[in-house]
Amino acid sequence: MPSTVVVGTQWGDEGKGKFTDLFAKEMEMVVRYQGGHNAGHTLVVDGETTALQLIPSGVLYDHITPVIANGVVVDLQVLINEIDMLEAKGVSCDRLKVSGNAHLILPYHQELDVVFERHLGANKLGTTKRGIGPAYADKAFRVGIRVQDLLDPKIFREKLNVSLHEKGPLLAKVYNRLAPNVEELSRTYLDEYLPRISSFIADTTDLIHEALEARENILFEGAQATFLDLDHGTYPFVTSSNPTAGGACTGTGVGPRHIDRVVGIAKAYTTRVGSGPFPAELFDEIADHFVNVGHEYGTNTGRRRRTGWFDSVMLRHAVRLNSLSEIALTKLDIMDTLETVKICVAYEIDGERVEKMPYHQTDFHKARPIYQEMPGWKEDISQVKEKDKLPRNAQDYVRAIEHYSGVPVSLIGVGPGRRQYVDWQK
Ligand code: GDP
Ligand code: IMO
Ligand code: MG
């Protein structure tokens, strides 16, 4: 399988980092194709935890080339901090490649994200306040600044001037903030940041194609998730990029015929951080159980995640949107002590049973979950390595997820560690 996409099937934080790290062992290249440092991907290797925001999760292996491709938005200060953090742990970042076509997140993008969320008040999206939306907006408005622009100081200054023509007054006059200073920004980016990252800048599309031609194995690591997708998610409560598998093509410059396998990562229950509809959300002691036992707090932002039962209506839609070939289920161990477990199998909307993701957002806001209830397994599965050793009720739960999604489960996470998983197909 030369090229594989890993994609979140819910609202993020499914455990993509853990399985990307596991798959990376067999890969030559791991590529981030969208998003930015709104992502927080956690890897636990030999008891040591590493949380990554921008650098692909394959970086921990010496033989991997980690690639930040054109679809990603890059905050250079964050990238440099992450490189320093990894190098301090003894992880070399020498092989890192950053696309010259990736767009930069500049400090004013982050500031705009913060002030706009404040302006929205009760209607806020609950963004990560990383400047993701404003940076992608500039890209679409064609006033974005790309990594390659740093290589031509004159162009960089000119583009900063163009970009700030409206945003300077907007920040100063509408939001009462200081207008950014072009000279100061230029000095920071050209004199301070560029020397730190210039050796990583590359034509990553060419690199990826060279690797494909050499039949090397490539993993495309999605950030965020299907229902945070700008086009297919629960708009406007979404991120500003396309995490769905198609984003791996536009975000890197490979055609769809190059994608051989699409692995959907699904948590055994559901979580969401930030605002927006969530039909299977819980507000009771089970919600607290998922938060406390599952440590459901944002990897970067520390926010408490909203939690609920597994939603197979959403998963069926994610199967379609991403052409998932399989599902890797994570955090099944977090359900170990529950008496009963539930799967949302359909919605009730205005008194009617609906088995598909509603097309109209208003209907999704009104959707009430219809559950299939199953007995829990009440056994610690965190050390289980083989399918047969999983308790019967846990196996039934996994089979029900396969049944409702129509796609096989390949792997099951039973703990955060790299080796804590069960191969369900063996
Ligand atoms: P990502 O954004 O999809 O990479 O996921 P996050 O890293 O934000 O959140 C997933 C959390 O669950 C991390 O703390 C992981 O270490 C942890 N994790 C991943 N898989 C498992 C699993 O199977 N069991 C348990 N208990 N924890 C897991
Ligand atoms: P990983 O890759 C969970 C959510 C935010 C907010 C919405 C928009 O770790 O799964 P943004 O800052 O992107 O403009 O925020 O998207 N969000 C995530 N939620 N996991 C993530 O990444 C997320 N990245 C963004 O909470 O609701
Ligand atoms: Mg995360």
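Numbers here are sequence positions counted from 1. As the structure lists them, so they are numbered: ligands from 1, and atoms in each ligand from 1.
- At the top of the distance list for atom 11 (C) of ligand 1, counting protein heavy atoms only, stands Lys331 NZ, 3.7 Å.
- Among the atoms of Val44, none of the N or O lies under 3.5 angstrom from an N or O of ligand 1.
- Among the backbone and side-chain atoms of Gly17, no N/O/S atom is found under 2.8 Å from the Mg ion (ligand 3).
- Ion pairing of Lys167 with Asp138 is present here, as a side-chain N (NZ or NE/NH1/NH2) and a carboxylate O approach within less than 4.0 Å.
- Residue contact check: Gly413 has heavy atoms under 4.0 Å from atoms 23 (O) of ligand 1.
- When Asp13, Asp333, Asp336, Leu52 are ranked by how near their heavy atoms come to atom 24 (N) of ligand 1, first place goes to Asp333.
- Every N/O-N/O distance between Gly12 and ligand 1 stays at or above 3.5 Å.
- Close approach of ligand 1 to Ile334 (heavy-atom distance below 4.0 Å) involves ligand atoms 26 (N).
- Atoms of ligand 1 found under 4.0 Å from any heavy atom of Val414, numbered from 1 in the order shown, are 23 (O), 24 (N).
- Contact annotation for Lys18 and ligand 1: only side-chain heavy atoms (C-beta onward) come within less than 4.0 Å of the ligand.
- Of all protein heavy atoms, the one lying nearest to atom 2 (O) of ligand 1 is Gly40 O, 2.8 Å.
- Test Arg306, Arg304, Lys267 against Glu296 for salt bridge (Lys or Arg N to Asp or Glu O under 4.0 Å) and you get one pass: Lys267.
- For atom 7 (O) of ligand 1, the closest non-hydrogen atom on the protein side is Thr42 OG1, 2.6 Å.
- Under the 6.0 Å distance and 45° angle rule, Arg261 counts as a cation-pi partner of Phe23.
- The ring of Trp11 has its center closer than 6.0 angstrom to the ring center of Phe278.
- Ordered by chain and residue number, the residues placing a heavy atom less than 4.0 Å from ligand 2 are Trp11, Gly12, Asp13, Lys16, Asn38, Ala39, Gly40, His41, Leu125, Gly126, Thr127, Thr128, Ala223, Gln224, Leu228, Val238, Thr239, Val273, Gly274, Arg303.
- The main-chain N or O of Gln53 is found under 3.5 Å from a side-chain atom of Glu82 such that the two form a donor-acceptor pair.
- The proximity of Arg305 to ligand 1, defined as any non-hydrogen pair under 4.0 Å, is limited to the side chain.
- Nearest-residue assignment for atom 25 (C) of ligand 1 (options Gly415, Ala51, Ala39, Ser57; heavy-atom criterion): Gly415.
- Scanning the protein for heavy atoms near atom 4 (O) of ligand 1, the closest one is Gly17 N, 2.8 Å.
- Taking the six-membered ring where the residue is Trp, Phe290 and Tyr269 present parallel rings, their angle staying beneath 30° rather than reaching 60°.
- Not a single N or O atom of Thr330, backbone or side chain, sits closer than 3.5 Å to an N or O atom of ligand 1.
- Lys356 and Val313 get closest at one heavy-atom pair: C-CG1, 3.6 Å.
- For ligand 1 and His41, the ligand atoms under 4.0 Å from any heavy atom of the residue are 1 (P), 2 (O), 4 (O), 7 (O).
- Of all protein heavy atoms, the one closest to atom 16 (O) of ligand 1 is Pro416 CB, 3.5 Å.
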